[in-house]
Amino acid sequence: MRRMPRGNSSGAFKYSRVAQSGYNYGLRTMENVQQESMLRKSLKIALVVTAYWVVSITMVFLNKYLLSGEELKSLKTASEGKMLEAPLFITFYQCLVSVLLCLLLRLLSRLMPGVISFPPVHLDKKISREVLPLSVVFVGMITFNNLCLKYVGVAFYTVGRSLTTVFNVVLTYFVLKQTTSLKAILCCLVIISGFVLGVDQEGAAGTLSVIGVIFGVSASLFVCLNSILTKKVLPCVDSNVWRLTYYNNINAVILFIPLILIFGEASILTNFPHLTSSKFWGLMTLSGFFGFAIGYITGLQIKVTSPLTHNISGTAKACAQTVLAVVFSHDIKTALWWLSNALVLGGSAAYTKVRHSEMQKQHKESKKALAEMKMEDSKNGDLNKVKVHWRKTVQQ
C-alpha cells in the first residue's frame with residue numbers, strides 16, 4: 001500500500017486550523033454585528049421615546065402659557081372688563097399651522113423625493129365631506145382639551161382628562177354591543193376612584209375649577225369618539241394618516257371661523273396688545289408645530305416599540321409632567337392628592353396591560369381555531385379522495 005506523504009498530512013492539519021480560525025472569527029464578527037445592531041436599536045428607541053416626552057410635555061406647558069399666561073392676559077378689554085381670552089382662535093391657528101406644514105412637506109417631498117416622503121395632498125370636496133363627521137368630533141376634542149388646560153393647572157390636567165378609558169368601555173358596550181372583562185372593569189373603577197379623589201382634593205385645596213373639570217370630562221368623551229370615528233373614516237383617505245391629518249385640519253379651520261365669530265373672539269383680538277408681537281406669533285406657530293409633530297412622533301414611537309410600550313411610555317410621561325408642574329408652581333400637595341394621581345395612572349396602565357393580554361389570548365385562540373379548521377378540511381379532503389377511489393374500484 002502506498003503511504004501518503006507526511007507533508008500532505010501536515011498541510012491538511014494546517015488547513016483545518018485555518019478553517020477553524022476563520023469559523024471562530026466569523027462567529028465573533030456576527031456577535032459584534034448583532035451587539036452593534038442591538039445597540040443602535042436601543043439608542044433609536046431611547047431617542048424616539050425622549051423626543052415623544054419632550055414634544056408632548058413642552059406642548060402642554062406652551063399651550064398653558066398661551067391659554068392663561070399672566071403676560072398674555074394682563075390687559076382687560078375696556079368695554080367688557082373681562083380678561084383677554086381667545087382659546088378658540090389659538091386652537092384655530094394651531095390647525096392652520098398643521099395644514100401649512102402638510103403643504104410644505106408635500107412640496108419638499110417633490111423637491112427631495114429621496115429624503116422626504118409625503119403623500120399627495122389636494123382638496124377633494126367629496127373626501128372632505130366624508131371626513132367632516134370626524135372633523136366635528138376633532139374640533140370638539142382639541143377645543144375641550146385646550147379649555148380644560150385653560151381652567152385647571154398642568155398638575156391636575158392628567159386627572160381632569162382621565163376618563164377616556166372609562167368612556168371607551170361604555171361606548172364599546174352601548175354602541176358596538178361588546179362586553180368587557182371583569183379585570184378591565186375593575187381597572188376602570190380604579191381610574192374613576194382616582195378621578196373622584198383628585199376632584200375632592202382640588203376642592204379641599206381651594207383650587208378646584210368646576211368648569212375645568214366639565215371640560216376635562218367632555219375632552220375625555222371626544223377623545224374616545226375621535227378614535228372610533230378615525231377607524232371608520234381612514235378608508236376614505238386610502239388609510240393614509242397624513243392625508244387624514246390634512247383634511248381633518250382643513251375642515252377644522254373652516255369650522256372654527258363661525259365659532260370664533262359667535263363667541264365674540266374677533267372683537268377681543270382687535271384689542272389684544274400683543275397682536276403685533278413677534279414673540280406671541282412665534283409661540284403660537286411653535287405650539288402649532290408641536291401639535292403637528294406629536295402625531296408623527298406618536299406613530300413613530302408605536303412603530304419602533306409597540307402599542308403596549310407606547311401606552312406605558314405615555315403613562316410615565318404623564319407622571320413626569322405632573323411632577324414637573326408641581327415643582328415649577330411651587331405647590332405643596334397632600335398625600336391623598338398624590339394618591340389620586342397614582343390611582344389614575346396605575347389604573348390606566350393596568351387596563352392597557354389587561355387589554356393587551358386579552359388581545360394576545362384572542363389572537364392565539366383564533367390561530368388555533370384556524371389551524372384546526374385547516375386540519376379538518378385536510379382530513380375531509382383525504383376522506384373524499386378515498387371515497388372517489390372506492391367508487392371507481394366498485395365500478396370497475
Side-chain angles (χ1 to χ4, degrees), residues 53 55-74 82-91 94 139-167 190-226 263 265 283 287 290-291 294 314-348:
W53 280 44
V55 170
S56 182
I57 293 176
T58 303
M59 183 180 68
V60 170
F61 278 95
L62 182 56
N63 281 345
K64 179 63 177 177
Y65 173 78
L66 289 170
L67 291 163
S68 57
E70 292 299 324
E71 181 183 339
L72 296 181
K73 67 174 187 177
S74 58
K82 294 180 179 179
M83 287 292 182
L84 189 60
E85 301 166 342
L88 293 176
F89 173 74
I90 292 173
T91 313
Q94 290 170 344
V139 166
M141 179 186 73
I142 57 179
T143 299
F144 285 127
N145 267 331
N146 280 347
L147 287 173
C148 173
L149 186 58
K150 175 179 176 59
Y151 289 100
V152 305
V154 176
F156 184 69
Y157 185 56
T158 300
V159 174
R161 299 183 312 116
S162 61
L163 297 183
T164 301
T165 301
V166 178
F167 281 121
V190 172
I191 295 171
I192 293 173
S193 64
F195 173 80
V196 172
L197 180 60
V199 171
D200 175 72
Q201 289 302 299
E202 285 288 305
T207 56
L208 178 65
S209 170
V210 176
I211 188 67
V213 172
I214 293 173
F215 284 140
V217 173
S218 301
S220 301
L221 174 60
F222 274 82
V223 167
C224 182
L225 290 172
N226 185 74
F263 287 93
E265 289 193 3
L283 291 174
S287 71
F290 278 121
I294 193 64
T315 302
K317 186 273 303 180
C319 181
Q321 179 177 289
T322 300
V323 173
L324 285 173
V326 172
V327 171
F328 288 158
S329 60
H330 304 289
D331 291 337
I332 298 176
K333 301 296 185 180
T334 64
L336 288 177
W337 187 91
W338 287 107
L339 177 61
S340 70
N341 280 268
L343 288 172
V344 165
L345 296 173
S348 300

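Computed over heavy atoms, backbone and side chain alike; hydrogens, waters and symmetry mates excluded. Bear in mind that the values here come from a model prediction, so they are computed numbers and not experimental data.
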Pair up each side-chain donor or acceptor in residues 209-218 with any protein partner under 3.5 Å, not counting sequence neighbours, and list the distances.
{"unit_1": "S209", "atom_1": "OG", "unit_2": "G212", "atom_2": "N", "d": "3.1"}
{"unit_1": "S218", "atom_1": "OG", "unit_2": "I214", "atom_2": "O", "d": "2.9"}

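- Applying the salt bridge (charged side-chain N to carboxylate O under 4.0 Å, His left out) test to residues at least two apart or on different chains, the pairs with a partner in residues 198-221 are E202-K333.
- In this structure T158 satisfies the side-chain hydrogen bond (donor to acceptor under 3.5 Å, both in side chains) test with no other residue, sequence neighbours excluded.
- Closest approach of T143 and V139 over heavy atoms only: OG1-O, 2.6 Å.
- For the side-chain contact (heavy atoms from CB on, under 4.5 Å) test, residues two or more places apart in sequence or in another chain that qualify with M141 are F138, N145, F222, V223, N226.
- Among residue pairs with one or both ends in residues 203-220, none qualify as salt bridge (charged side-chain N to carboxylate O under 4.0 Å, His left out); sequence neighbours excluded.
- Residues forming a side-chain hydrogen bond (donor to acceptor under 3.5 Å, both in side chains) with N341 (at least two apart in sequence, or on another chain): none.
- Heavy atoms only, all atoms of each residue included: C148 and R161 are closest at SG-CG, 3.9 Å.
- Scanning all heavy atoms of the two residues, the minimum distance from N146 to N63 falls at OD1-ND2, 3.9 Å.
- Shown here are the side-chain contact (heavy atoms from CB on, under 4.5 Å) partners of L324, two or more places apart in sequence or in another chain: I57, F61, F328.
- A155 and A325 make their closest contact through N-CB, 3.5 Å (heavy atoms, listed as atom of the first residue, atom of the second, distance).
- When the side-chain hydrogen bond (donor to acceptor under 3.5 Å, both in side chains) test is applied to S348, no partner is found at least two apart in sequence or on another chain.
- For L343, the side-chain contact (heavy atoms from CB on, under 4.5 Å) partners at least two apart in sequence or on another chain are V190, S193, L197, L339.
- Residues passing the side-chain hydrogen bond (donor to acceptor under 3.5 Å, both in side chains) test with T334, sequence neighbours excluded: Q201.
- Between the side chain of E265 and the backbone N or O of L88, at least one donor-acceptor pair lies under 3.5 Å.
- The side-chain contact (heavy atoms from CB on, under 4.5 Å) check on I192 picks up L163, V166, V196, with sequence neighbours excluded.
- Counting heavy atoms from C-beta on, the side chains of V326 and W338 come closer than 4.5 Å.
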